[in-house]
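Below is one structure, written out as structure tokens, with a few remarks after it.
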Amino acid sequence: MGGLVERILGFLGFEEEGEPPVDPTFPPPRLVKNNVVSLPSAPRLRLIVARPVSYEQAADIADYLKDKHPILLNLEGREVEVARRVLDFLSGVAYALGGSVQKIREGIFVVTPPNVEISREDGTDAL
């Protein structure tokens, strides 16, 4: 007789504490697997600090730029002619690759490939 009372109370909306009644005509819920999706991460950039002493080193520095590494070019204390030739060569390489050269201060430049953007704190692109 306890089953009859439970069914009547359940029909009226009164249920005992515990699990809700199971409707045998309703299919059980299907478990959905959580799909984990990996987001591609950006490749690590390596900042190359270059302080060439001769024009011949410009080609080695350009290879880093071709490999998409930004370069901090320090020409302080170099002969003016050597510094000018290195800067002209790397400016041409950066231009050909779609990158840029920006002056930080006298004798210090940042040479970037096209995958690197430099912006100031105020949001402008130029330094």
Side-chain angles (χ1 to χ4, degrees):
M1 196 136 143
L4 177 63
V5 173
E6 289 175 17
R7 285 191 287 178
I8 292 173
L9 289 175
F11 178 77
L12 295 174
F14 298 101
E15 297 179 24
E16 292 183 15
E17 292 292 318
E19 295 195 26
V22 177
D23 183 1
T25 60
F26 190 80
R30 292 178 34 205
L31 297 177
V32 178
K33 290 184 179 180
N34 290 332
N35 291 331
V36 178
V37 178
S38 300
L39 296 177
S41 60
R44 284 186 74 167
L45 286 179
R46 198 170 83 177
L47 175 66
I48 306 299
V49 179
R51 191 176 173 138
V53 293
S54 67
Y55 174 72
E56 288 74 26
Q57 292 175 309
D60 295 331
I61 297 169
D63 288 338
Y64 287 116
L65 193 60
K66 287 182 354 186
D67 289 337
K68 299 192 183 320
H69 295 291
I71 299 165
L72 180 64
L73 184 62
N74 184 349
L75 297 173
E76 289 180 319
R78 299 296 174 246
E79 294 179 25
V80 174
E81 187 60 32
V82 171
R84 182 177 293 130
R85 290 183 69 202
V86 169
L87 184 59
D88 286 348
F89 181 81
L90 291 175
S91 295
V93 172
Y95 177 79
L97 295 174
S100 67
V101 176
Q102 300 203 12
K103 184 176 182 178
I104 303 296
R105 65 178 189 160
E106 194 64 38
I108 306 290
F109 300 88
V110 174
V111 186
T112 58
N115 65 322
V116 176
E117 178 182 317
I118 298 176
S119 61
R120 297 184 343 175
E121 287 180 342
D122 62 6
T124 60
D125 290 337
L127 292 176

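Not measured: the values here are computed from a predicted model. By convention here, the first residue in the shown sequence is residue 1.
With rounding to the nearest 0.5 angstrom, the CZ atom of R105 is 4.5 Å from the CD atom of E76.
Annotation: salt bridge (Lys or Arg N to Asp or Glu O under 4.0 Å) contacts of E56 (sequence neighbours excluded): none. Under the side-chain contact (heavy atoms from CB on, under 4.5 Å) criterion, E106 pairs with K103, sequence neighbours left out. A search for salt bridge (Lys or Arg N to Asp or Glu O under 4.0 Å) contacts involving R46 returns nothing, not counting sequence neighbours. Under the rule for a salt bridge (Lys or Arg N to Asp or Glu O under 4.0 Å), R51 has no partner lying at least two apart in sequence or in another chain. By the salt bridge (Lys or Arg N to Asp or Glu O under 4.0 Å) test, K68 pairs with no residue at all, sequence neighbours left out.
A donor-acceptor contact shorter than 3.5 Å is absent between the side chain of D67 and the backbone of H69.
Shown here for P114 and G98, the closest heavy-atom pair between the two residues is CB-O, 3.6 Å.
Taking Ile, Leu, Val, Met, Phe, Trp and Tyr as members and joining any whose side-chain heavy atoms lie under 4.5 Å apart, directly or through other members, the hydrophobic cluster of V111 also contains I48, Y55, I61, Y64, L65, I71, L73, L75, V82, V86, L87, F89, L90, V93, L97, V101, F109.
Residue Y95 is not grouped with residue V116 when hydrophobic side chains (ILVMFWY) are merged at heavy-atom distances under 4.5 angstrom, including chains of intermediate members.
With respect to D63 and K66, a salt bridge is recorded, a charged nitrogen being found less than 4.0 Å from a carboxylate O.
Residue E79 places its CD atom among 12 or fewer non-hydrogen atoms of other residues, nucleotides or ligands, all under 6.0 Å distant.
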